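Here the structure is a predicted model, which means the values were calculated and not measured.
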Amino acid sequence: MGSRTNTESGLKRIARGRAAVEQAALVELEKLTVPASMEPGWRQFIADRRSLIRGWLTLGEHGLGDSTGTKAFDLADSAQKSMLKAAEGEGLKQCSQAA
């Protein structure tokens with residue numbers, strides 16, 4: 001059981017760190033002004049990033065040991081895919097290389 005506990009605590013630590021990195025990125029991204037033609041996709045991208053952060057924060061709190069953590073992982077995964085789709089829809093093809 002000790003190995004599972006170490007893995008779970010490591011996962012929580014990594015998730016909290018990822019949430020902090022994503023939050024810092026969001027602060028910088030929110031400072032940007034995009035062309036009006038990109039505004040709808042950009043708003044979706046920012047909303048998805050907020051969902052991604054919520055997912056990582058919840059995962060950092062719960063881990064994968066319960067259904068809340070599992071749902072948080074699914075939320076983060078879905079948000080990341082949606083962010084890539086929104087970015088690619090606006091012609092930002094390089095974003096797909098980060099996946």
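- Atom NZ of K12 sits in a crowded spot, with more than 12 heavy atoms from other residues, nucleotides or ligands closer than 6.0 Å.
- In this structure, L59 and G69 approach most closely via the heavy-atom pair CD1-O, 3.5 Å.
- Contacts of D77 classified as side chain to side chain donor-acceptor pair (under 3.5 Å), with partners at least two apart in sequence or in another chain: K81.
- For S82, the side chain to side chain donor-acceptor pair (under 3.5 Å) criterion is met by D48, not counting sequence neighbours.
- Among residue pairs with one or both ends in residues 55-68, those qualifying as side chain to side chain donor-acceptor pair (under 3.5 Å) are H62-D66; sequence neighbours excluded.
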Check: residues 22-37 side-chain donor-acceptor pairs under 3.5 Å, at least two apart:
unit_1 : atom_1 : unit_2 : atom_2 : d
E22    : OE1    : R49    : NH1    : 2.0
E22    : OE2    : R18    : NE     : 2.8
E22    : OE2    : R18    : NH2    : 3.0
E28    : OE2    : K31    : NZ     : 3.2
E30    : OE2    : R50    : NH2    : 2.3

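- Scored by the salt bridge (Lys or Arg N to Asp or Glu O under 4.0 Å) test, E39 finds R43 as partners (sequence neighbours excluded).
- Contacts of R54 classified as side chain to side chain donor-acceptor pair (under 3.5 Å), with partners at least two apart in sequence or in another chain: S51.
- Taken to the nearest 0.5 Å, the CG atom of L75 stands 11.5 Å off from the CD atom of Q80.
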